[in-house]
Peer 1: 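Have a look at the structure that comes next, please.
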Amino acid sequence: MQFEVWAPQAERVTLRCDGATRALERDPEREGWWTGEAVAGDGARYGFAVDDGPVRPDPRSRRQPDGPDGLSAVVDQSLYEWRTPWSGRPLPGAVLYELHVGTYTPEGTLDAAAERLGHLAGLGVTHVELMPLCPFPGRHGWGYDGVSPWAVHEPYGGPEGLKRFVDRAHALGLGVVLDVVHNHLGPSGNQLPSFGPYFTDTHHTPWGAAVNLDAPGSDEVRAYLLGSALAWLRDYRLDGLRLDAVHALADTRAYPFLEELSAAVDALAAETGRPLFLIAESDLNDPRLITPRRQGGLGLHAQWNDDFHHALHTALTGESQGYYADFARDPFAALAKTLTGGYFHDGVHSGFRARRHGRPLDRARVPAHRLLGYSQTHDQVGNRAQGDRLTASLTPGLLACAAALTLTAPFTPMLFMGEEWAAGTPWQYFTDHTDPELAEAVRRGRRREFAAHGWAEEDVPDPQDPATRERSCLDWSEPRREPHARVLAWYRELIALRHAQPDLTDPDLADIKVAYDVRGRWLAFRRGDVRVAVNLGTEPAAIPLGPRPARVLAAWEPVDAPGPDGLLHLPGEACVVLEQE
């Protein structure tokens, strides 16, 4: 078997494979690369030593059986026999479901999660978006401190576990998207600096030195990240990738890394005959991110739209702290603006940032499905002091309104696991760092962060306490009980309606019309012949929908279609979807 590693500053590189050691040779055709052959099959343990230093795992390791600091293991990708033919599932018309493997079930494995995929197929979602799977220290964590970006966390089930999960998802008609982190690697177990300039002090990020995308040696670093992304899509038959915090990618080159990545993914899609897509997380509100490359954009296929979330959250809860302040001044106006224009911050002043922020989105050129809309995500729940979901503060009626707005809005909707039945379990920040000093630093830092916002130290869960993760696991008995069962039935009804009504997947933002009444706390919008109305107040509302006859398609509470006067009489904390003739 051929082994190779990039170590451009090394004088000597050795391979340790199944207990045997041999020196590698410089590759005459690729500067900085070392190669050599050794007898090795699937599962063989190996690592590299640079200049007689300690043996470290392969930067391109496909498997880390003993964690990030252990030896790598050879993975023969051809050994897995795929059982499900799969031609892919595109992003337009999709409904995504964000899932954390470690808390989706008490077992916290890919196999256990696969056993619950029938629930998602019955719910009507089209794609499962898995939170990061790369190896990280310990057993449990969110996954954003991962290392070895080509490998699968062993406690989750390793490479074979992911393939079984994808196979099962595809058998049920579900696409699979993976959240990947290119902007930093975890503080523990990161071996890359021992091999080469994977990081640079040219730029600094909240995690320290930036990933090297534009300094000397960056060609190979970019190829490393591109190779990792394509490997997920090719070797595991994934349908798309979610790119974490792309605004934290420091890159000054004329050919941006994100543009290079989108071109490579589009080429792989053409090669495989499967639709593949990239979804970015970005707080820049820059439409160039999701504008096709032929039109001068970076060519990513979609992005998370936090502006819609923030407007909806403030309208539902009245919260106004931190970044919610900009939206809380007039949450109904903010919600109306995002529903019709995509971004709220489109070049207007942001009080939270104390400057102008964003850029207008061209509604004639950018289809609405390129923006993801949601009422909850892992970030917006887990980064709260106690990881409380909307369930903790809202009535079932208001939760139903949030679902109606999310699932009938023009954006590609995304749900956060358990949301569909108003899960009563929190989703808290938890870690399992094996380094005692790092564990204590994380514990202190978390409590210090929220103490600045008035939280008592004892009220902030200890991330290292196993009970914090256990509290965050979904309770699968809830969907069989009220009020959870009713909320679940509502989500199923709305998702089925979205799939059945072409107007609800129309990507034309310019065609949407919104009306609202701040005092009455109601909002209504039109999408083709479909009308959606929500009453966030406790008192009944009379909402003028016009004289055209209408029929009720779905309603949280019993409601009659408008009479000859065109008024819809909607109970408090209720919502309805209608079709006008």
Peer 1: According to ring-ring contact (aromatic ring centres under 6.0 Å, His included), who are the partners of Tyr97, at least two apart in sequence or on a separate chain?
Peer 2: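 Result, ring-ring contact (aromatic ring centres under 6.0 Å, His included) vs Tyr97: none returned.
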
Peer 1: Using the ring centroid of each side chain, check whether Phe165 and His170 are separated by less than 6.0 Å.
Peer 2: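 No, too far apart.
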
Peer 1: Ring-plane angle category for His313 and Tyr324, please: parallel below 30°, perpendicular beyond 60°, tilted otherwise.
Peer 2: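 Judged by the thresholds at 30° and 60°, the geometry between His313 and Tyr324 is parallel.
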
Peer 1: Please determine whether side chain to side chain donor-acceptor pair (under 3.5 Å) holds for the pair Gln191 and Ser194, giving the CA-CA distance in whole Å, both sets of side-chain angles, and the decisive distance to 0.1 Å.
Peer 2: CA-CA 6 Å; Gln191 309 288 338; Ser194 301; 4.7 Å; no

Peer 1: Would you say the ring centroid of Tyr224 lies under 6.0 angstrom from that of Trp6?
Peer 2: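 No; Trp6 has its ring centre 6.0 Å or more from that of Tyr224.
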
Peer 1: Is the His378 to Tyr144 ring centre distance short of 6.0 Å?
Peer 2: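 Distance test on ring centres: under 6.0 Å, yes.
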
Peer 1: Would one find more than 12 heavy atoms of other residues, nucleotides or ligands at under 6.0 Å from atom CZ of Arg294?
Peer 2: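 Atom CZ in Arg294 is not packed in, count stays at 12 or less.
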
Peer 1: Run Phe277 and His127 through ring pair (Phe, Tyr, Trp, His ring centres under 6.0 Å) and show every step you take.
Peer 2: CA-CA 12 Å; Phe277 52 84; His127 294 76; 5.5 Å; yes

Peer 1: Please determine if Arg242 forms a cation-pi arrangement with Trp304, meaning its NZ or CZ atom is less than 6.0 Å from the six-membered ring centre and no more than 45° off the ring axis.
Peer 2: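 Yes.
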
Peer 1: Can you tell me how the ring of Phe136 sits relative to the ring of Tyr156, calling it parallel under 30°, perpendicular over 60° and tilted otherwise?
Peer 2: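 Geometry flag for Tyr156 against Phe136: perpendicular rings.
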
Peer 1: Does the Asp27 side chain pair with the main chain of Thr35, one donor and one acceptor, at a distance under 3.5 Å?
Peer 2: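 It does not hold such a pair.
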
Peer 1: Going by atom types alone, do Arg471 and Gln428 pair a side-chain donor with an acceptor below 3.5 Å?
Peer 2: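 Present: a donor and an acceptor within the cut-off.
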
Peer 1: Parallel, tilted or perpendicular: which describes the rings of Phe430 and His100, with under 30° parallel and over 60° perpendicular?
Peer 2: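 Correct class here is perpendicular.
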
Peer 1: Is there a side-chain contact between Trp427 and Phe416 (heavy atoms, below 4.5 Å)?
Peer 2: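 A side-chain contact under 4.5 Å exists here.
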
Peer 1: Is there a side chain to side chain donor-acceptor pair (under 3.5 Å) between Asn285 and Asp307? Walk through the geometry before answering.
Peer 2: CA-CA 9 Å; Asn285 282 19; Asp307 279 14; 2.9 Å; yes

Peer 1: Are the ring centres of Tyr323 and His345 closer than 6.0 Å?
Peer 2: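 No, the ring of Tyr323 stays outside the 6.0 Å limit from the ring of His345, centre to centre.
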
